[in-house]
Amino acid sequence: MPISVTAHGRVNLIGDHTDYTGGLVLPMLLECRTEIVGERIDEPLWLLRSDAEPEPARIELPAKVPTNDTPHWARYPAGVLAVLAANDIEIAGFRGSVTTTIPIGGGLSSSAALEVAVARVAIGDRAVDPTTLATWCREAEHLASGVPCGIMDQLVIAAGTPGQALLIDCRSLATSPVSLPADVDVEVRFVAPRTLAGSEYADRVADCRAIEQIIGPLRDAEPAAIDGLADERLRRRARHVISENRRVLEFVAAVAADDVETAGRLMTASHESLGADYQTSNPVMDRAVSEMLAEPGVLGARMTGGGFGGCVVALRRRASGKR
Ligand code: GLA
């Protein structure tokens, strides 16, 4: 019986670099997606062919924690299969192909989509809730890329619906859908390729750990808690995370009240905070945001995701009528 699964890319509307301290995020699935099509085989082996790569990924079962698999992207499926097996999911052999319309290295979670798609194939008919699946895929990402990411990407891909934002509480892992007003569009523009592996992403995670050693959980911190930090760099990082968690709530309230101007302003404020305090933007991304802000109907714009490149996202008022 042929098997076919999909997993969509995501954009984050607001709430960046808050997930790994149990904060709030508001991502949304996009139409672009990764698809795996194939069939089970009787050998203890996964063979995945990708249009974009000359070599198929060949993963012998039981899959090991990925080391030097070739091609490089084989680390992701190998990581997922290893984590699932460690959680007592029996993995059958599989042969198939992977195609994607998610730009690779564009900051729209192509790796998380691949992980979720592989997990969906491997899990088959078994009932696994999206939160568990996302937790496993996140662990696979840690193993495969070494990036100590949070849960946002895997969870929205596992639990979200395209076109609808999903508020995620990264501490409780509770999710709730958020509809955007009908008179705005979310626009995503690719600016520059990036990879989080080897970037300063891990340094930011380490900064947050250091902050929490001093002032306790960032999720619970009030702005005044920043006064308890002597180090200027840590003060800035904390100011971003504390203010960003608030902006997510304010954004959700604004869209619920159809106040799209406020929602847009919050997105732009988020970008400024990421640039000035979290220092994950750069001149190229700043310029792309400024250019978008100058366009007609744009209410707010920001870099989205891990930073250091990738895409910008904007909220734009529709020129005419409702959806
Ligand atoms: C990357 C990570 C996510 C999150 C964002 C920043 O996309 O994978 O876990 O930390 O960066 O918000």
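For ligands, and for the atoms within them, numbers begin at 1 and follow the listed sequence. Side-chain atoms are counted along with the backbone in the values below, which use heavy atoms only and exclude waters and symmetry mates. Note that the numbering runs from 1 along the sequence shown for the chain.
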note = Ranked by distance from atom 10 (O) of ligand 1, the top protein heavy atom is Tyr201 OH, 2.5 Å
message = Tell me whether Asp16 contacts the main-chain N or O of Thr304 through its side chain, where contact means a donor paired with an acceptor under 3.5 Å.
response = no
Polar atom proximity, Gly150 to ligand 1 (N or O, under 3.5 Å) = yes
inquiry  = If you count heavy atoms of other groups shown closer than 6.0 angstrom to CZ of Arg49, is the number above 12?
reply    = no
request  = Looking only at protein heavy atoms, identify the closest one to atom 8 (O) of ligand 1 and say how far it is in Å.
outcome  = Asp153 OD2, 2.7 Å
key: Heavy-atom donor-acceptor pair, Thr18 side chain to Leu24 backbone, under 3.5 Å   = yes
ask   = Do side-chain atoms of Glu141 reach the backbone of Val147 as a donor and acceptor pair under 3.5 angstrom?
value = no
ask   = Any sub-3.5 Å donor-acceptor pair from Ser273's side-chain atoms to Ala269's backbone N or O?
value = no
message = Counting only heavy atoms closer than 4.0 Å, does ligand 1 sit against the backbone of Asp16, its side chain, both, or neither?
response = both
query = What atoms in ligand 1 come closer than 4.0 Å to a heavy atom of Cys149?
reply = 2 (C), 8 (O), 9 (O)
query = Please state which protein non-hydrogen atom is closest to atom 9 (O) of ligand 1 and give its distance, to 0.1 Å?
reply = Asp19 OD2, 2.5 Å
ask   = Hey, is the main chain of Gly306 close enough, under 3.5 Å, to the side chain of His17 for a donor-acceptor pair?
value = yes
Structural part of Glu244 in contact with ligand 1, heavy atom criterion under 4.0 angstrom = neither
remark   = Under 4.0 Å from one or more heavy atoms of Tyr20, ligand 1 contributes atoms 10 (O)
query = Should you measure from each heavy atom of Met152, which atoms of ligand 1 turn up under 4.0 Å away?
reply = 4 (C), 5 (C), 12 (O)
request  = Give the numbers and elements of all ligand 1 atoms closer than 4.0 Å to a heavy atom of Arg10.
outcome  = 7 (O)
inquiry  = Donor-acceptor pair, distance only, cut-off 3.5 Å: does the side chain of Arg302 make one with the backbone of Asn12?
reply    = yes
